[in-house]
Every structure is written in structure tokens, then in C-alpha cells.
J.: 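Here it is: the structure, laid out below.
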Amino acid sequence: MSVELTINKEIRPGKVTWRSPSNIALIKYWGKHGNQLPRNPSLSFTLTNAYTETTVLYKMRETPGEDVSLAFKFEGQDNRSFEERLKSFLNKRAVELPFIRQLDLEVFSRNSFPHSAGIASSASAMSALALCLCTIEDQLFGTLKDDSDFEQKASTLARLGSGSASRSIYSYAAIWGKTGLVNGASDDYAVPFGQNLHESFKTYQDAILIVDQDPKKVSSSQGHKLMENHPFANVRYEEARRHLNELGNVMKTGDLSRFNTLVEMEAMQLHALMMCSSPGYILMRPDTLKIIELIKEFRKTTSAPVCYTLDAGPNVHLLYPLAEKAKVTAFIQQVLSPYCHQGKWIDDMVGEGPIQVD
Ligand code: DP6
């Protein structure tokens with residue numbers, strides 16, 4: 001039964017809050033087409049401590065207009081540039097959420113990590129907002145009672161805001177993009193992968209080593225665009241598919257050595273693609289390389305199954321099993337933190353996914 005998602009009766013004002021985490025891609029999404037559709041499937045761990053908390057207050061609008069009615073505050077302050085981006089996103093969402101223009105919206109958002117920490121916040125921010133919008137739809141129309149319908153719509157809306165955000169909806173791990181590896185995988189939304197994980201990955205640790213906290217040199221959107229005429233584009237998309245199939249199985253069996261090899265290969269391919277794009281970009285800093293070398297040396301000398309991955313930036317994610325926590329924390333504090341910006345790093349881990357906050 002399809003329900004017309006427009007309001008035609010009195011509604012009570014409402015308030016909804018979601019806390020949604022960032023995620024770290026193990027198989028990277030790099031290259032998109034059409035309306036935010038990926039060129040290859042990607043797989044990520046959902047994190048815990050790096051999150052965005054977003055509250056949306058809504059009430060019936062006196063006079064519906066073409067533009068959404070929005071007031072926005074980021075970390076308690078007005079932020080014109082974020083507000084404009086959010087408004088443009090919400091205006092487009094009238095397709096999926098026609099009632100959005102009938103409401104007055106006030107949005108308050110904050111991150112658990114400093115805005116200038118060089119951590120991509122689009123995944124946590126867009127997923128938190130998407131979850132709030134789905135809760136509002138359900139409160140008004142009762143259309144998303146079923147958990148998997150709710151998650152699928154939230155993931156779709158999050159993807160339309162930022163591709164990687166589609167994956168933050170699920171606990172532990174998620175896959176976004178068509179693949180035969182899991183049933184129901186789609187380019188339109190991510191699907192959960194946590195149910196397939198070997199136990200050791202459900203408590204995996206991610207130390208985010210902040211090498212540089214300046215805003216990104218190249219936005220993700222610009223980066224994805226560079227793939228359009230990239231000489232290695234097709235080879236890359238094939239590689240990503242091959243890596244995903246293998247990593248998916250490795251994550252079921254818990255083969256940490258192969259896990260480490262595949263995850264590092266993905267990070268290096270992403271950066272190699274950026275270096276030989278036109279124009280080319282070097283997103284690593286000298287201290288990024290130093291940290292990578294030290295991680296490899298640590299793995300060799302201690303046999304601890306640690307590995308690194310990178311976003312499209314200079315910061316390093318050090319991934320390792322919980323059982324190695326004491327050893328790895330000492331390694332970070334004594335050896336790696338001197339190469340971090342002001343010694344900064346974030347102690348994060350795989351987690352349960354978004355939560356609705358009362
Ligand atoms: C390198 O999701 O930030 O982190 O869809 O343009 O918002 P947009 O891009 P975004 O790209 C993320 C790229 C990446 C890899 C990944 O997370 O899969």
C-alpha cells in the first residue's frame with residue numbers, strides 16, 4: 001500500500017535526535033556517476049566514538065513555500081555555509097519526503113570530534129540527518145515501522161547527501177554497491193554486513209592518528225570527478241570488486257594476515273589513483289609515510305596483526321584486534337604520537353551503529 005506523504009491534518013510539533021557514527025572504508029568508494037551512484041561496491045567498519053549528534057525540531061509551517069523552512073546551528077553557532085548546503089540537500093529531498101516543505105525545521109548538530117581534526121564528518125553528519133528525517137516520516141505517517149524499511153530509506157537518503165554516509169546506518173560493518181557477496185546489495189543503499197563477521201572483527205580497534213588537521217586539499221566530490229577520465233579507472237573498479245569478494249570471505253573466516261594485505265592494498269590504490277589523476281595530488285604528508293613505515297616495522301618485529309588504512313587525506317587509521325590493545329596503545333604513545341599533529345589521535349573502535357537519543 002503506498003501512502004501519500006503529505007500532511008493533511010493538524011500535527012503536533014515534534015523533536016527527534018539521532019547520534020550516528022563515522023565509518024572507515026576497507027574497500028574504498030572512489031568514482032561515482034548519475035545521482036550519487038558508486039562505480040564500485042565498498043565495504044566499511046562502522047565506528048563508535050567519532051559521531052555526529054543531530055536534533056531536528058519540526059512543526060507545521062504557516063505558509064508552505066518552494067524552499068524548505070530551515071534554521072540551522074552547528075555546535076551551538078550559526079554557520080551560513082553549512083546551512084546553505086543543508087538547505088540545498090533538503091530542497092532536493094522533497095522528492096522522497098514531500099512533507100518536508102510543509103514543515104518548519106530547526107536543526108542542531110554537533111560532532112564528538114573537533115571540527116578541525118581533519119576527520120571527514122560527512123558520513124556521520126548525513127547519516128544522522130537521514131535517520132532524523134526517517135523518524136519524522138514514521139512519526140507523521142507510520143510508514144517505516146519495519147526496521148529494514150527504515151534502515152533502507154535512511155541509507156538511501158544518507159547516500160544522496162554523501163555516498164559513504166549510506167554505510168554508517170548499520171552496526172559493525174556495511175556494504176554499499178552491487179555485489180554478489182551479500183543478498184540484496186544495491187547501488188541505491190548500503191546493506192548490513194555485521195551478521196557475517198568473524199567475532200574478532202566485532203571488537204576491532206581503530207586508532208585515528210591525526211597527521212594534519214587542516215581542511216582537505218581536494219574535496220571528495222572533486223576526487224570522485226578525477227576518476228571520470230582516469231587512465232586506470234576500469235582497472236581500479238575491477239580491482240575493487242575482486243578485493244571486495246576476497247575481503248568479504250576473509251572477514252567471515254578471520255584470516256587477519258590476508259585482511260591486513262587487502263586493506264593496505266586498498267589504501268595505497270586510492271592514493272596512487274590520486275597521484276596520477278589529472279591534475280595529480282599527493283594527499284599523504286611526510287609524517288603519514290613515517291607512520292606507515294613504523295606500523296610495518298612494528299608488525300614485523302612483534303608479529304602483532306596490525307594494519308593501516310587511509311581516507312582521501314593524510315591521517316592514518318591503525319586497525320588492530322582488541323586483544324592487542326595494551327601493546328598497541330603503548331606503541332602509539334611512545335613511537336607514533338610524535339608524528340601526529342600536536343600528538344593527537346582518537347581511540348576509536350568498531351561499534352553498534354547509530355542510536356536514537358531521547
Ligand atoms: C575515500 O562519501 O565523502 O572516504 O559521495 O562525494 O560525499 P561524496 O564522497 P564521500 O567519499 C568517500 C571517499 C573515501 C572512501 C570511502 O569512504 O569509501
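These values consider heavy atoms only, across backbone and side chains, with no hydrogens, waters or symmetry-generated copies. Ligands are counted one by one from 1 in listed order, and the atoms in each one are counted from 1 as well.
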J.: Is Ser122 touching ligand 1 with its side chain, its backbone, both, or neither, if touching means heavy atoms under 4.0 Å apart?
T.: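 Only the side chain of Ser122 comes within reach of ligand 1.
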
J.: Quick one: which ligand 1 atoms are inside 4.0 Å of a heavy atom on Asp311?
T.: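 Close to Asp311: 4 (O).
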
J.: I need the contact type for Glu266 against ligand 1. Using non-hydrogen atoms and a strict under-4.0 Å cut-off, is it side chain, backbone, both or neither?
T.: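 Answer for Glu266: neither.
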
J.: Heavy-atom distances under 4.0 Å decide this one: backbone, side chain, both or neither, for Ser162 against ligand 1?
T.: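 Within the 4.0 Å criterion, Ser162 contacts ligand 1 through backbone and side-chain atoms alike.
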
J.: Below 3.5 Å, N or O to N or O, backbone or side chain included: is there any such pair between Ser164 and ligand 1?
T.: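 Min N/O separation from ligand 1 is below 3.5 Å for Ser164.
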
J.: With a cutoff of under 4.5 Å between side-chain heavy atoms, which Ile, Leu, Val, Met, Phe, Trp and Tyr residues group with Val218?
T.: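 Answer for Val218: Trp30, Leu226, Met227, Phe232, Tyr237, Leu270, Leu273, Met274, Tyr281, Leu283.
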
J.: Got a donor-acceptor contact below 3.5 angstrom from the Lys28 side chain to the Ala240 backbone?
T.: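 Not at all, since once roles are kept as given, no pair shorter than 3.5 Å links the two residues.
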
J.: Going by an N to O cut-off under 4.0 Å, is there a salt bridge joining Lys153 and Glu137?
T.: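 The answer is yes: the pair qualifies as a salt bridge.
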
J.: Looking at ligand 1, does any of its N/O atoms fall within less than 3.5 Å of an N/O of Gly163?
T.: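 N/O-N/O distance under 3.5 Å: yes.
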
J.: Using a side-chain heavy atom cutoff under 4.5 Å and only I, L, V, M, F, W and Y, what cluster partners does Val235 have?
T.: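 None; Val235 is a cluster of one.
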
J.: Any nitrogen or oxygen of Ser221, main chain or side chain, under 3.5 Å from a nitrogen or oxygen of ligand 1?
T.: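 In this structure, Ser221 places an N or O atom under 3.5 Å from an N or O of ligand 1.
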
J.: Which atoms of ligand 1 have any heavy atom of Lys32 under 4.0 Å away?
T.: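 Under 4.0 Å from Lys32, ligand 1 has these atoms: 5 (O), 6 (O), 8 (P).
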
J.: Where on Asn23 is there a heavy atom closer than 4.0 Å to ligand 1, on the side chain, on the backbone, on both, or on neither?
T.: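 Contact part for Asn23 vs ligand 1: neither.
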
